[in-house]
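A quick write-up on the structure given underneath.
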There are 2 protein chains.
Amino acid sequence: MKEIKHRSGCPVSYTLDFFGDKWSLLILRDMMLFGKTTYGEFQSSAEKIATNILADRLSMLEHYGFVNKQVGTDKKSKFSYTLTEKGISLVPVILEIGLWGAQFHPPGLNPELKAALQNDRQDTIQAIQEKLRSKLQPG
Amino acid sequence: MKEIKHRSGCPVSYTLDFFGDKWSLLILRDMMLFGKTTYGEFQSSAEKIATNILADRLSMLEHYGFVNKQVGTDKKSKFSYTLTEKGISLVPVILEIGLWGAQFHPPGLNPELKAALQNDRQDTIQAIQEKLRSKLQPG
DNA sequence: ATAATTTACTTTTAAAATGCAAGTGAATTT
DNA sequence: AAATTCACTTGCATTTTAAAAGTAAATTAT
């Protein structure tokens, strides 16, 4: 892996040094919101990520501790990618990005999720995070 | 301007179609958090954006209605860039990104802002947005 | 058992984006 | 009048991304 260099002390630019591209947050979205765990599932998303970009981003996410790569329990030779605690800590970021987009992009967010977030944001976020934690991943 | 094409109906990907790069959100950060308004001020940020990239991103932000470009009132031939209401609507996104980065990047966020956000997020966001609105920009 | 398919990639090549340096022209300052 | 500042634009090298094809191991189908 090529190391990321951080451009400044600013926390906004720090985050963008990791996620300032068109794909890495979509992989995390698929894990957080749709429970995806395998290479093939990530590849099948509507945005049609190129396979080399997917491989590159997964290795970045693993290298920096956002996800964990394990041999799948079903013994079908698939690897299983799961979020680490550090990955789970990005839930509020992804949701905020989704809420913003939903204001302008017709299909919007799942209405129940949207309502829940607007009614009690903190609880809704924590519930999602708890559910992800229950899939038990070290890291 | 080259038109942005949206990769899917997902609101997360929609947002990333605009802001999935390393620079555009930093320009908005400079306007939101540091009150910057001119080309020269954006160029002087710690991250050292290249001048052609800055010009390109400013025209994108203007084209899609996130910022407004006006001839500066001080008649120094400077243009003044201000946020539109649509640009102001990104305040929560930028702050969330900053809060996340602050957890891992030593210099962190301005401690007062961080505390305010954690104590009463909604009010803090609205206060920042109100202040930006008071600089009156159509759009 | 053999062949075809699936999975998770890697490699190659082409296209696009980015970074760096230099240049431009209008306005401002000296 | 000359030098400087401001807000860019242009040209070119480097890097990143995209698209397509290839690969090797494992799985499923025949």
Side-chain angles (χ1 to χ4, degrees), chain A residues 1-8 13 16-28 30-31 34-64 67-82, chain B residues 1-8 13 16-27 30-31 35-64 67-82:
Chain A
M1 262 296 304
K2 234 194 105 202
E3 289 296 318
I4 288 168
K5 62 178 162 201
H6 295 290
R7 292 168 289 173
S8 78
S13 84
L16 294 173
D17 291 334
F18 290 112
F19 298 111
D21 78 297
K22 302 226 182 294
W23 297 108
S24 42
L25 287 179
L26 292 186
I27 297 171
L28 296 182
D30 284 348
M31 301 178 77
F34 307 121
K36 296 190 179 181
T37 58
T38 67
Y39 196 92
E41 287 174 322
F42 300 132
Q43 236 187 130
S44 72
S45 294
E47 295 85 7
K48 297 281 163 244
I49 187 169
T51 178
N52 56 340
I53 304 290
L54 175 57
D56 178 81
R57 292 310 186 277
L58 282 172
S59 82
M60 182 287 272
L61 292 171
E62 192 194 4
H63 180 83
Y64 287 103
V67 307
N68 228 300
K69 182 182 188 175
Q70 297 147 262
V71 177
T73 44
D74 53 359
K75 194 90 169 6
K76 283 176 98 175
S77 126
K78 273 184 205 172
F79 296 104
S80 176
Y81 296 89
T82 51
Chain B
M1 260 298 303
K2 232 192 105 204
E3 289 296 318
I4 287 169
K5 62 177 164 202
H6 296 290
R7 292 167 290 173
S8 79
S13 83
L16 294 173
D17 291 332
F18 291 113
F19 299 111
D21 78 297
K22 301 226 182 294
W23 296 107
S24 42
L25 288 179
L26 293 187
I27 297 171
D30 284 348
M31 300 178 78
K36 296 190 181 181
T37 58
T38 67
Y39 196 93
E41 287 174 323
F42 300 133
Q43 238 189 128
S44 72
S45 293
E47 295 85 8
K48 297 282 160 242
I49 187 170
T51 177
N52 55 339
I53 305 290
L54 176 56
D56 178 80
R57 293 309 186 279
L58 283 172
S59 80
M60 182 286 272
L61 292 171
E62 192 193 4
H63 180 81
Y64 286 103
V67 308
N68 228 298
K69 182 182 186 174
Q70 298 148 263
V71 177
T73 45
D74 53 0
K75 195 84 169 8
K76 280 176 100 174
S77 124
K78 272 184 204 169
F79 296 106
S80 177
Y81 295 88
T82 51

According to a strict under-4.0 Å criterion, is B/Y81 in side-chain N/O contact with OP1 or OP2 of D/dC8? yes

Give the rounded distance in Å between these two atoms: CZ of B/R7 and P of D/dT17. 12 Å

Separation of D/dT9 atom C1' from B/L54 atom CG, nearest Å, is 13 Å

Without decimals, in angstroms, what is the distance between B/E41 CD and D/dT5 P? 16 Å

State the CG-CG distance between B/L61 and B/N68, to the nearest 0.5 angstrom. 11.5 Å

When you measure from the side chain of A/Y39 to the backbone of A/Y81, do you find a donor-acceptor pair of N or O atoms at a distance under 3.5 Å? no

Answer yes or no: is there a donor N or O on one side and an acceptor on the other, between the side chain of A/K36 and the main chain of A/F42, under 3.5 Å? no

Side chains of A/E47 and B/S8: is there a donor and an acceptor less than 3.5 Å apart? yes

Whole angstrom is fine here: how far is it from CZ in A/F42 over to P in C/dT7? 14 Å

Find the distance A/L58:CG to C/dT10:C1' and express it as a whole number of Å. 14 Å

Rounded to the nearest 0.5 Å, what separation is found between the CD1 atom of B/I49 and the CZ atom of B/R57? 7.0 Å

Generate the contact string for nucleotides 16-23 of chain C. Rules: B means base contact, S means sugar-phosphate contact only, - means no protein heavy atom under 4.0 Å. -SSBB-B-

Please report the distance, rounded to the nearest Å, between NZ in B/K78 and P in D/dA7. 6 Å

Hey, could you give me the CH2/CG distance between A/W23 and A/L54, rounded to the nearest 0.5 Å? 9.5 Å

Send over the distance from B/K5 NZ to D/dT17 C1', rounded to a whole Å. 13 Å

How many Å lie between CD1 on B/I27 and C1' on D/dC8, as a whole number? 14 Å

